[in-house]
Amino acid sequence: MNTTTATAPELNAQLFLQLSNIADNESYLQKTLDFIIGLAKSDNRTNIRGKAYTELLERLSDFQEYEAGWDGDNALPLNHSVVKNFKSILQESSDNDLQDWTIFPSANGTLLLQNKKRKSGINIGAQGFSYYTIQNGEAQGENNLAFSPDAVLEIMKQI
């Protein structure tokens, strides 16, 4: 089973199966249970990996295959630093954070993270990002912000 496309019930069934296979080895089972309990008690934010995450990761994979001129003109392929930046956003986010967002490649090698429901977008660059939102028919936003996954996620939540 491919875990990147598995649903939560499928993953739970797979985990249960794995645990039942090791049930005869009490020491290993105890270590596994201790690890799971430790995760549950952890202060670290637990990232939920669901449909939105999977769809964005699949789209990113497709766009990474684009070569120079992919738009029939002079479009650049995705910049490797842009891909790294976007993956860092995915790592820090939950599925709720990603809900209603999708990505598109930009001709300059960046990624546009867009939310059509909120008429907003975030352009992820190699070293920075910018965002816009349409309110009352007017575009509002900021350009040339220093990139960090937390800064982008904060903007996504504010939008």
Side-chain angles (χ1 to χ4, degrees), residues 1-22 31-72 75-134 141 145-159:
M1 174 182 302
N2 184 346
T3 57
T4 59
T5 59
T7 65
E10 291 169 333
L11 289 174
N12 287 338
Q14 189 176 31
L15 178 60
F16 180 74
L17 178 64
Q18 292 301 317
L19 288 175
S20 67
N21 287 338
I22 61 169
K31 287 178 185 178
T32 303
L33 291 173
D34 290 345
F35 175 75
I36 292 170
I37 290 168
L39 284 177
K41 291 181 179 178
S42 173
D43 288 337
N44 295 335
R45 184 170 74 182
T46 301
N47 293 335
I48 300 169
R49 300 297 178 219
K51 183 179 178 184
Y53 173 87
T54 303
E55 288 176 358
L56 288 170
L57 201 55
E58 287 173 356
R59 287 178 65 85
L60 178 65
S61 178
D62 289 343
F63 299 146
Q64 285 181 273
E65 295 179 17
Y66 286 13
E67 296 180 5
W70 57 263
D71 66 344
L76 299 173
L78 282 180
N79 180 298
H80 294 292
S81 295
V82 170
V83 171
K84 182 179 174 185
N85 286 348
F86 185 69
K87 285 182 177 180
S88 70
I89 294 167
L90 290 178
Q91 291 299 326
E92 295 294 322
S93 64
S94 70
D95 209 50
N96 287 338
D97 295 332
L98 303 173
Q99 194 66 36
D100 300 326
W101 291 91
T102 191
I103 57 170
F104 299 96
S106 296
N108 63 356
T110 63
L111 272 175
L112 176 63
L113 182 61
Q114 188 177 45
N115 188 313
K116 289 185 180 183
K117 285 185 176 181
R118 298 184 198 130
K119 298 181 182 174
S120 303
I122 300 172
N123 189 277
I124 310 294
Q127 296 183 357
F129 76 101
S130 59
Y131 72 93
Y132 73 90
T133 186
I134 308 290
L145 299 170
F147 178 83
S148 80
D150 290 336
V152 174
L153 283 167
E154 184 60 34
I155 295 297
M156 288 172 70
K157 291 174 184 177
Q158 289 177 12
I159 291 177

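All values reported here derive from a predicted model rather than from experimental measurement.
Interatomic distance, L98 CG to L90 CG, rounded to the nearest 0.5 Å: 6.0 Å. For the atom pair OH of Y131 and CD1 of I159, the computed distance is 7.0 Å after rounding to the nearest 0.5 Å. Here the straight-line distance linking atom CD of Q64 with atom CG of D62 works out to 9.5 Å at 0.5 Å rounding. Distance check, rounded to the nearest 0.5 Å: CG of L56 to CG of L113 gives 7.0 Å.
Scored by the ring pair (Phe, Tyr, Trp, His ring centres under 6.0 Å) test, F104 finds no partners at all (sequence neighbours excluded). The side chain to side chain donor-acceptor pair (under 3.5 Å) check on E154 picks up Q158, with sequence neighbours excluded. Shown here are the ring pair (Phe, Tyr, Trp, His ring centres under 6.0 Å) partners of Y132, two or more places apart in sequence or in another chain: there are none. Residues passing the side chain to side chain donor-acceptor pair (under 3.5 Å) test with T102, sequence neighbours excluded: R59. Under the rule for a side chain to side chain donor-acceptor pair (under 3.5 Å), D71 has no partner lying at least two apart in sequence or in another chain.
Pairs engaging residues 99-112 under the salt bridge (charged side-chain N to carboxylate O under 4.0 Å, His left out) rule: D100-K117 [sequence neighbours left out].
Using a 30° and 60° split on the angle between ring planes, Y66 and F63 fall in the perpendicular class, above 60°.
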All N/O donor-acceptor pairs, side-chain side in residues 120-129, below 3.5 Å, sequence neighbours left out:
from, atom 1, to, atom 2, distance (Å)
S120, OG, R118, O, 2.8
S120, OG, T133, OG1, 2.7
N123, OD1, T110, OG1, 3.2
N123, ND2, T110, OG1, 3.2

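You'll find the side chain of L78 stays beyond 4.5 Å of the side chain of W70, heavy atoms only. A heavy-atom distance below 4.5 Å is not found between the side chains of L111 and N85.
In terms of heavy atoms, D97 sits closest to S93 at OD2-CA, 3.4 Å. Of all heavy-atom pairs spanning N115 and Q99, the tightest one is ND2-O, 4.1 Å. The nearest pair of heavy atoms linking S81 to N79 is N-OD1, 2.6 Å. When all heavy atoms of Y53 and D95 are compared, the pair lying nearest together is N-OD1, 3.0 Å.
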